[in-house]
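A short write-up of the structure that comes next.
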Amino acid sequence: MKIDNNIEGYDPLGEDHVGTSSNTPLRLDAFKLSNEEKIDIIKDDVRHIMETLGLDLTDDSLNGTPNRVAKMFVKEIFGGLDPNKKPSASTFDNKYKYGEMLVEKNITLYSTCEHHLLPIVGKAHIAYISNGTVVGLSKMNRIVDYFAKRPQVQERLTIQIVKELQEVLNTQDVACVIDAKHLCVNSRGIRDIESSTVTSEFGGKFKDKAVRREFLDYIKLETKF
Ligand SMILES: [Zn+2]
């Protein structure tokens, strides 16, 4: 099956999502093709790019690249476009009545810039204040990873992580800070290897200056392990 590239197919994902920039812009037919069908089409596209660049695809070293890249796009680095891969929403009761903020910091993040399809590499720091519900710590890593595995802009990624946790935890009191390097800035174009980009989203109680300060102070802690 070939994707229909006419302009109707490029509408955003349904009326509900219009105007909410926090959603990944998806085509209406985003999930009509199976992953295997997508890999098949992308494989040919990658081959076409490489051949257009003048590369000899009969060379042993290049031979497997189109298939390898297609699989990597669909199953790995853009695997988070697939809603079936969203981490399950298992939560627990806050039995110990811990009422302070919980911070998980230095979550390794690998994403892809949607403007250049080059890597974004960084750290995410997340905090929430429980409203009676808690999540397993690794759930936060999984949520970061799921939304990171899409073509992204860092601002949207930050918001998507917070919104998802707000829904899972049933509270607005969630915050996320991401500090990341964009290889489109570091390795090409302006080639500024030192710069990194910081984005933040503060929900509920984290809009309060003192609460926000506490979170930011925890992030700064450099514990030796
Ligand atoms: Zn870029």
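Whatever order the structure lists them in is the order used to number ligands and atoms, beginning at 1.
Taking the salt bridge (Lys or Arg N to Asp or Glu O under 4.0 Å) definition, one finds that Lys181 meets it with nothing, sequence neighbours left out. Residues passing the side chain to side chain donor-acceptor pair (under 3.5 Å) test with Gln172, sequence neighbours excluded: Gln166.
Counting only residues at least two apart or in different chains, salt bridge (Lys or Arg N to Asp or Glu O under 4.0 Å) contacts with residues 48-57 are absent.
Counting only distances under 2.8 Å, and ignoring water, the protein N, O or S atoms around the Zn ion (ligand 1) are Cys113 SG, His116 ND1, Cys184 SG.
In this structure, Arg150 satisfies the cation-pi test against Tyr146, with its NZ or CZ atom closer than 6.0 Å to the six-membered ring centre and inside 45 degrees of the ring normal. Both tests pass for Arg212 against the ring of Phe202: distance under 6.0 Å to the centre and angle within 45° of the axis.
A salt bridge does not link Arg142 with Asp145: none of the charged nitrogens is closer than 4.0 Å to a carboxylate oxygen.
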